[in-house]
Amino acid sequence: EWSKEPGLEVRALVKTEDNLFTAGPLGNTTHSIVAYQGGEGSVIRVFSPKDGSVKADLEIEAPPVFDGMAVADGKLLVVLEDGSVKCLAP
């Protein structure tokens, strides 16, 4: 069992056997509308579900829509607020 601050506002979350995928905007989204809208960048941050270590950070062009992430057929699908869909495969 572990607990960790993710370092981003998590708007989408998916867990697989080997990865915990989170996605959202960076920055202090509580106090900054620029950060809330993704103006300080947005990422997909991948954690190890075993120990909480960060496995990867992938920059994305816009924040994800709320709950806009899924895993299907071994691919990660993320719907972004700009209307685009990212499809990431290993």
Side-chain angles (χ1 to χ4, degrees):
E1 187 174 317
W2 55 270
S3 176
K4 176 177 240 160
E5 287 293 323
L8 68 149
E9 179 181 295
V10 177
R11 294 193 184 162
L13 176 77
V14 172
K15 182 184 177 294
T16 64
E17 186 177 338
D18 298 324
N19 296 300
L20 175 63
F21 297 97
T22 62
L26 298 168
N28 188 342
T29 59
T30 304
H31 295 104
S32 169
I33 190 69
V34 172
Y36 182 81
Q37 294 172 336
E40 295 184 24
S42 294
V43 297
I44 297 169
R45 183 159 290 159
V46 186
F47 293 94
S48 164
K50 293 178 179 137
D51 62 11
S53 61
V54 176
K55 296 173 79 173
D57 267 348
L58 308 164
E59 289 186 33
I60 49 179
E61 295 80 16
V65 299
F66 183 76
D67 271 350
M69 191 161 47
V71 173
D73 223 13
K75 297 177 179 75
L76 180 69
L77 303 161
V78 185
V79 181
L80 304 181
E81 287 184 352
D82 66 3
S84 65
V85 177
K86 296 292 249 186
C87 179
L88 305 168

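Position 1 is the first residue of the sequence, and the numbers go up from there. Here the structure is a predicted model, which means the values were calculated and not measured.
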If you draw a 6.0 Å radius around NZ in Lys50, do more than 12 non-hydrogen atoms from other residues or ligands fall strictly inside? no
To the nearest 0.5 angstrom, please state how far the CH2 atom of Trp2 sits from the OG atom of Ser53. 8.5 Å
Side-chain touch Ser32/Glu40, heavy atoms, less than 4.5 angstrom: yes
In this structure, OH of Tyr36 is separated from OG1 of Thr30 (nearest 0.5 Å) by 10.0 Å
Option from Leu20, Leu58, Val10, Leu26 for which side chain to side chain contact (heavy atoms under 4.5 Å, CB included) with Arg45 holds: Leu26
Residues Gly68 and Ala12: closest non-hydrogen pair is N-CB, 4.0 Å
Considering all heavy atoms, the nearest Thr16-Pro49 contact: O-CG, 4.3 Å
Between Leu76 and Ile60, is there a shared hydrophobic cluster once you connect ILVMFWY residues whose side-chain heavy atoms come closer than 4.5 Å? yes
Return the minimal non-hydrogen interatomic distance between Leu13 and Thr22, and the atom names on each side. CD1-CG2, 3.5 Å
Here the gap from Gln37 atom CD to Thr29 atom OG1, rounded to the nearest 0.5 Å, amounts to 11.5 Å
Are Phe47 and Val14 linked, directly or through intermediate hydrophobic residues, by side-chain heavy-atom contacts shorter than 4.5 Å (ILVMFWY only)? no
Minimum heavy-atom separation for Pro25 to Gly38, with atom names? CB-CA, 4.1 Å
Heavy atoms only: give me the nearest Gly24-Pro64 pair and the separation to one decimal. CA-CD, 3.6 Å
Glu1 side, atom CD; Asp51 side, atom CG - distance, nearest 0.5 Å: 13.5 Å
Specify the closest pair of heavy atoms between Cys87 and Lys75, including all atoms of both residues, with the distance to one decimal. SG-CD, 3.6 Å
Neighbour count above 12 (heavy atom, 6.0 Å) for Asp73 CG: no
Within the 4.5 Å heavy-atom criterion, are Asn19 and Val71 side-chain neighbours or not? no
Single-linkage hydrophobic cluster, 4.5 Å side-chain cutoff, Val65 and Val85 together: yes
Under 3.5 Å donor-acceptor, Lys55 side chain and Asp18 backbone: yes
Are Val46 and Val43 joined in one hydrophobic group, where the rule is that I, L, V, M, F, W and Y side chains link up if heavy atoms are under 4.5 Å apart? no
Spell out, yes or no, whether Val54 and Leu8 are grouped together once hydrophobic residues are joined by side-chain heavy atoms under 4.5 Å, including indirect joins. yes
With heavy-atom distances below 4.5 Å as the criterion, would you say the side chains of Glu61 and Lys86 are in contact? yes
